[in-house]
2 protein chains.
Amino acid sequence: MSQGPKKTIPEKNMILSATEGGPMEGILTQWRRERPDIDPTPMAVCGEIWRAGEKLRQGVLSNISNYNLDFAGMDVLFTLRRQGEGETLSPSLLAKDMMLSTSAMTNRLDRLEKRGLVKRMMDPNDRRGQMVALTDEGFDLANEMVVSHVQTEEKMLSNLSSDERQHLRFLLEKIE
Amino acid sequence: MSQGPKKTIPEKNMILSATEGGPMEGILTQWRRERPDIDPTPMAVCGEIWRAGEKLRQGVLSNISNYNLDFAGMDVLFTLRRQGEGETLSPSLLAKDMMLSTSAMTNRLDRLEKRGLVKRMMDPNDRRGQMVALTDEGFDLANEMVVSHVQTEEKMLSNLSSDERQHLRFLLEKIE
DNA sequence: CTTATTTATTTTGATATCAAATTATTTGAC
DNA sequence: GTCAAATAATTTGATATCAAAATAAATAAG
C-alpha cells in the first residue's frame, strides 16, 4: 500500500502471473534444479500452448458430443459447411485441409455417410474423383452446431479482451 | 512517408498482421459470408492455438525421431528425468501427469522397458504398486536429448522476444 | 496408339489410444 | 478378524490413425 509507484504494478502483476502459480511452474523448477545449464523457458512456452490447446479441445468436444459427434466429424461438417450450401470438396482436398492422411479421410467420410450427414458423388469430369457434399440433414446440423460451438469457445476465451485475443493471435503467428 | 504519426505504425502493423495474411483468414472470410450473424473470431483464436501447437509438435517430433523415439517416449523420459537421478514415479502418477489412461501408460512403459530405457521395480510398501525409474541408459539419453530438444523449441520461438514469450504465456493462462 | 508416370481413392496391416473388465492388494467399517 | 469399497496395474475389445500397397483412371512422352 506504500511501496512502489502504482503505475508499474499492473505490468508487474502481468509478468508475475505468467511465471508463478501456473501448472507449468513446478516443471520449470524441476528442470532448473536438474539442469541449471539449460534455460527451460522454451519448454514453458510450448507447454502452455499445448496445455491451452488441450483444454480448448476438451471444451469443444464436450459440446459437440451433445450432437453425438466427435472432433473429426465436426471438422468435416464445418469445412464443408463454410464452403457454402451445395458446394463440394474432394476427399483429397478435405484431407489436405485438415492435415490428415487420405485413408483417415476415407474412414471419416464412411462414418459420416453412414449417419446420413454427407454424401459422395462421382466427379463428372474425373472418374477417379469424388465430390463430397453435406446432405440436407448434415447442413442443418452444421448450422445448428456452429452456434453452440462458437458460444463454447467464446466462454473459454471470456477472460481475454478483444485486444488480448488479437495480440495472442499476433504472437502465435510468429511461431516458425 | 507523409501520412500518419510514426508512433502508431508499429501497433497498427501488429494488429494487421494478426488479422491478415495468416492461414486462418480464408476460413474466417468463408464463415463471415455463410453466417454473418456469428462472430467467428473465437474460432480464429482457438484455431491459431491448435495450429501453433501442431507446428511445434512437428518440430519437436522431427528432432526426437533422431533418437528413435516418439513424443510419448520422450514425455515419459523427461518426466522421470526432471524428478532427479534415481527418483521414481508410479505408472498411475505418470499417467495422471500426462493426462493419459493408465492402460496407455502400461503400453508406453512396456515399449520403453523393452528398449532398456526405463525399469519397473516393486514398491516395497505396496505390493500392488510399481516404481518406475530411468535406467542408466535412459538417464543418459534424456540428458543428451533435452539439449537438442530445447534448442529445437528455441529455434521455433526465435521470432518472439523474451517479453513476448512471457506475455504469450500470460495470455494463454487466462484460457478457462 | 502404347507405355510410363502421376493422381484419386480405398484397402491392408500395424499401432497407440481409451473404456471397461479383470486381478490383486490395501484400506476402512463394523 | 471379516467383508466391502477403493486403489494399482494389466488385459481385452474397439476404434482412429498412418504408411504402404492396391486399384483405377488421367496425363504425358515417344
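Chain letters run A, B, ... following the sequence lines, proteins first and then strands; every chain starts at 1.
Among residues two or more places apart in sequence or in another chain, the salt bridge (Lys or Arg N to Asp or Glu O under 4.0 Å) test is passed with A:D126 by A:R128. Applying the salt bridge (Lys or Arg N to Asp or Glu O under 4.0 Å) test to A:E113 and every residue at least two apart in sequence or in another chain returns A:R120. Legend: residues meeting salt bridge (Lys or Arg N to Asp or Glu O under 4.0 Å) with B:R108, ordered by chain and number and at least two apart, are absent. With sequence neighbours excluded, no residue forms a salt bridge (Lys or Arg N to Asp or Glu O under 4.0 Å) with B:K119.
Residue pairs meeting the salt bridge (Lys or Arg N to Asp or Glu O under 4.0 Å) criterion with at least one partner in residues 53-78 of chain B, sequence neighbours excluded, are B:D70-B:R111. Applying the side-chain hydrogen bond (donor to acceptor under 3.5 Å, both in side chains) test to pairs two or more places apart or on separate chains, those with a residue in residues 90-100 of chain B are B:R82-B:D97. Residue pairs meeting the side-chain hydrogen bond (donor to acceptor under 3.5 Å, both in side chains) criterion with at least one partner in residues 141-154 of chain A, sequence neighbours excluded, are A:N63-A:S148, A:Y67-A:S148, A:R81-A:N143, A:N143-B:R35, A:H149-A:E153, A:E154-A:R165.
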Filtered N/O pairs between nucleotides 11-16 of chain C and protein, under 3.5 Å:
residue : atom : partner : partner atom : Å
C:dA16  : OP1  : B:R111  : NH1          : 3.1

Check: protein-nucleotides 23-25 of chain D nitrogen or oxygen pairs below 3.5 Å:
none

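We find the CG-CG distance between A:D140 and A:L134 to be 9.5 Å, quoted to the nearest 0.5 Å.
One can place CG of B:L100 at 14 Å from P of D:dA9, the figure rounded to the nearest angstrom. One interatomic measurement links the two molecules: CE of B:M105 to C1' of C:dC18, which rounds to 13 Å at whole-angstrom precision. For A:M131 and C:dA8, the CE to C1' distance is 15 Å, given to the nearest whole Å. Rounding to whole angstrom units, CZ of residue B:R120 and P of D:dA8 are separated by 16 Å. The distance between atom CG of A:L89 and atom P of C:dA8, rounded to the nearest whole Å, is 13 Å. Rounding to whole angstrom units, CE of residue A:M99 and C1' of D:dC18 are separated by 14 Å. As a whole-Å value, the separation of B:L109 CG from D:dT11 P is 12 Å. Distance CE (B:M121) to C1' (D:dA8): 16 Å, rounded to an integer number of Å.
Heavy atoms of other residues, nucleotides or ligands lying less than 6.0 angstrom from CE of A:M121 number more than 12.
Which of D:dC18, C:dT17, D:dA9 sits closest to the side chain of B:A104 comes down to C:dT17.
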